[in-house]
Number of protein chains: 4
Amino acid sequence: MRKKEGNKETAIIEAAVRVFAENGYHQSKISKIAEVAGVATGSVYLYYKSKEDIVLKIFDLVWMKLSKELQQVVQRTDMDPGTKLDSIIDILFDSFTVNPALAIVFVNEQNQLLQQEKGNVVKFYKGFLDLAEEILREGVEKGIFNTNIDIRLFRDFVTGGLRALLHEWARRPEEYPLNRIRQNIKYIAKNGILIHHT
Amino acid sequence: MRKKEGNKETAIIEAAVRVFAENGYHQSKISKIAEVAGVATGSVYLYYKSKEDIVLKIFDLVWMKLSKELQQVVQRTDMDPGTKLDSIIDILFDSFTVNPALAIVFVNEQNQLLQQEKGNVVKFYKGFLDLAEEILREGVEKGIFNTNIDIRLFRDFVTGGLRALLHEWARRPEEYPLNRIRQNIKYIAKNGILIHHT
Amino acid sequence: MRKKEGNKETAIIEAAVRVFAENGYHQSKISKIAEVAGVATGSVYLYYKSKEDIVLKIFDLVWMKLSKELQQVVQRTDMDPGTKLDSIIDILFDSFTVNPALAIVFVNEQNQLLQQEKGNVVKFYKGFLDLAEEILREGVEKGIFNTNIDIRLFRDFVTGGLRALLHEWARRPEEYPLNRIRQNIKYIAKNGILIHHT
Amino acid sequence: MRKKEGNKETAIIEAAVRVFAENGYHQSKISKIAEVAGVATGSVYLYYKSKEDIVLKIFDLVWMKLSKELQQVVQRTDMDPGTKLDSIIDILFDSFTVNPALAIVFVNEQNQLLQQEKGNVVKFYKGFLDLAEEILREGVEKGIFNTNIDIRLFRDFVTGGLRALLHEWARRPEEYPLNRIRQNIKYIAKNGILIHHT
DNA sequence: GATGAATGAGTGTTCATTCAT
DNA sequence: TATGAATGAACACTCATTCAT
């Protein structure tokens, strides 16, 4: 009977994303989320156990989708590590184009959740890092990536850089065309900024 | 004459850094900060106007020190842009070696403050971004840096990457020797990860 | 439809009047008001913005009722100033017979509010004084009241006297039958205490 | 050694009067009183046990002086009740001419203290009322005052009226010349406002 | 005595969560 | 399910009072 999507469960999540993005998790009131969702305050608790449950659900949804898609890329044998890196970046940004606010929440609240080890965030995040590492390792082994770099470190660096761009783009999408971001990141990741005089 | 080390103003800031680092700003109670500082709850308010005032003071201190040192580097005419980039990275990490917890607060709470435009954080941060941009532009003009990259974007990417590493390092300093971080970042920033077959 | 007597908004105001009357505004805790109102502490804030908002609301209610009734009396052309003075006194006391505690709050806290110029108290009070003055002036012009008295001064004197009686009566209603108060005030106001040997 | 009166005990009382007059007892901070008195916060407690102790001391001083002078007037046998009433009024106003702020405190805070039965205020006040009553009774017995009035009530009314005038005068002394107040009160008290057509 | 930094009990206010309807 | 009024625990902040110097 919950065909279409006048669905309140979804409406609440979407409202929460908007409100969290604007004010941050702690500054956001459940009553405000309910209002934005067009629902009574109490109704929020019909679908979610608590405020925390809402953020965790948001992260679950994001990570679920991301990890599934990422997994598929990594497992492909017909792609070289460089192309895979490209794909990861594409997947990441494509996931948020429909909802930039989601990117803001994703970037702003993740650290908090990781640190408190709440929900599945840690698990998902570690999985993501592992994937990235795997690709990098594969590339190094195949002699495509530079052996001089510390994989773990590089992984963190790139991840952080992506987060920052995701955030900036989400805050001012018109100033940060996705295409340009993609191209640049890929270029930087592969070439750095120094001009190579051969 | 009784300023130096029995200094409560400093003790409170230091306690706040520790508590904020561990629990995040919003989860941190003033009473806990006071306890850690070895001071009565009310004493906190002898030195700081409010809880917010404390974070802002922390950021002021960090940024004041950082911006002064960064300024000096940027203004030097005897350094090429590449070396300057190295120096920025050094300054950044050196600033936090004495107090990794400070890095955690710095990384975790800055976005909130930026978004709410509280205190001087926006001003300082913009100044920092400008500096980074200036160096990059200088590098591009001198034909040292790649002209294919979008300076603004690169700036954000590197900044984000640095933040991530700062955070990781601060959480597990023993696993992330500073030297290795430094070398890798510099290497990555300049060369990317792709092996260049000339 | 569930407004009438289960009304918490009213219950809180009434509780506040009782508590303020007993302890004074500053000694009164919101939690105590809530308790007396048979309501949770937080519920107070569903109906009133703050503690101050409550007193101001109390004064608004009192003055609103008073000023409306007083206005009607003053505007009547079929009453001589002496009778009007009588009516004012009647209105004043009648307003509080249902709730003597209200008179105590009214008398005790008004000065504070006047001095801090909070809410509409100043406006209402000035209006009241103006009305009283108008009647007195009318009486003097018609040759009914003594021209030797300073109207402004008399106004303050009578007002103060009334306040004092209101207060005494409210504290021990049984010892101060309203009828006696009324008769005496009117008598005094008109005749003073000196026996006039004609 | 405490000859002159660089006396801190006095300075504190005087400061307290000023501060209480301006902000009211509860809004007044000990630290502010100390500051105005040109004394350290802690020093206040060398002379007074508590904040309450200070107001009580103020009232003690006022009432001590008043009651002594009033007593003398009442006991005189060479004065008729009417003249005695005049004298009471004079004594009252003269007591505050040197320090109008004291009148404000006296008027504003007395009710609070009476209600809580703190210190000697109740005792003093009752004594004062008794005195006034005595004079009135004497006047009635001697056939000078009107027998139609309730002495107790009249006493409260006049007292209240005086308080109001005292307050108004203290707030804007230039607009309320003492002479005029005195004359009017006396006139009103004795004659009321109605013109007596004999 | 004098100081003013330090204390910590006390309270107004918020807001996640519950629950009667 | 849905509501939104009601709850009450939690916490930032104040300020009378203390006390080491």
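Order of the sequence lines sets the chain letters (A, B, ...), proteins ahead of strands, with each chain counted from 1.
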How close or far is atom [atom2] of [N] from atom [atom1] of [X], stated in whole angstroms?
{"X": "B:K51", "N": "F:dA12", "atom1": "NZ", "atom2": "C1'", "result": "8 Å"}
{"X": "D:K29", "N": "F:dC15", "atom1": "NZ", "atom2": "P", "result": "5 Å"}
{"X": "B:Y25", "N": "F:dC11", "atom1": "OH", "atom2": "P", "result": "14 Å"}
{"X": "D:K32", "N": "E:dG4", "atom1": "NZ", "atom2": "P", "result": "16 Å"}
{"X": "A:I12", "N": "F:dG4", "atom1": "CD1", "atom2": "P", "result": "13 Å"}
{"X": "C:Q27", "N": "E:dG10", "atom1": "CD", "atom2": "P", "result": "15 Å"}
{"X": "C:N23", "N": "E:dG12", "atom1": "CG", "atom2": "P", "result": "12 Å"}
{"X": "C:L46", "N": "E:dA16", "atom1": "CG", "atom2": "C1'", "result": "14 Å"}

Do you see a donor-acceptor pair shorter than 3.5 Å between the side chains of A:Q112 and B:H26? no
Do D:Q116 and C:N23 have a side chain donor and acceptor closer than 3.5 Å? no
Hey, does the side chain of [X] come within less than 4.0 Å of [N]'s phosphate (OP1/OP2), counting only N and O?
{"X": "A:K8", "N": "F:dT1", "answer": "no"}
{"X": "B:S43", "N": "E:dT7", "answer": "yes"}
{"X": "B:Y45", "N": "F:dT14", "answer": "no"}

Can you check side chain to side chain donor-acceptor pair (under 3.5 Å) on A:N111 and A:R163, steps first, answer last? CA-CA 11 Å; A:N111 270 11; A:R163 276 178 50 166; 3.2 Å; yes
Under 4.0 Å, counting only non-hydrogen atoms across every strand here, what does A:Y47 touch: a base, just sugar-phosphate, or nothing? sugar-phosphate
With heavy atoms under 4.0 Å as the rule, sort B:V39 into base, sugar-phosphate or nothing. sugar-phosphate
With respect to the side chain of D:A40, which nucleotide from E:dG12, F:dT17, E:dG4 is positioned closest? E:dG4
Sorted by position of nearest nucleotide on DNA chain E, 5' first, the leading residue of C:S28 and B:G38 is B:G38
Re F:dT21: Watson-Crick or G-U wobble partner, both distances kept under 3.5 Å, found to be E:dA2
From D:L66 CG over to D:M64 CE, what is the distance, rounded to the nearest 0.5 angstrom? 11.5 Å
Given the options B:F20, B:F106, B:F124, B:F59 meets ring pair (Phe, Tyr, Trp, His ring centres under 6.0 Å) only with B:F106
Taking for D:S50 and for A:T41 the nucleotide of DNA chain F with the nearest heavy atom, the one nearer the 5' end belongs to A:T41
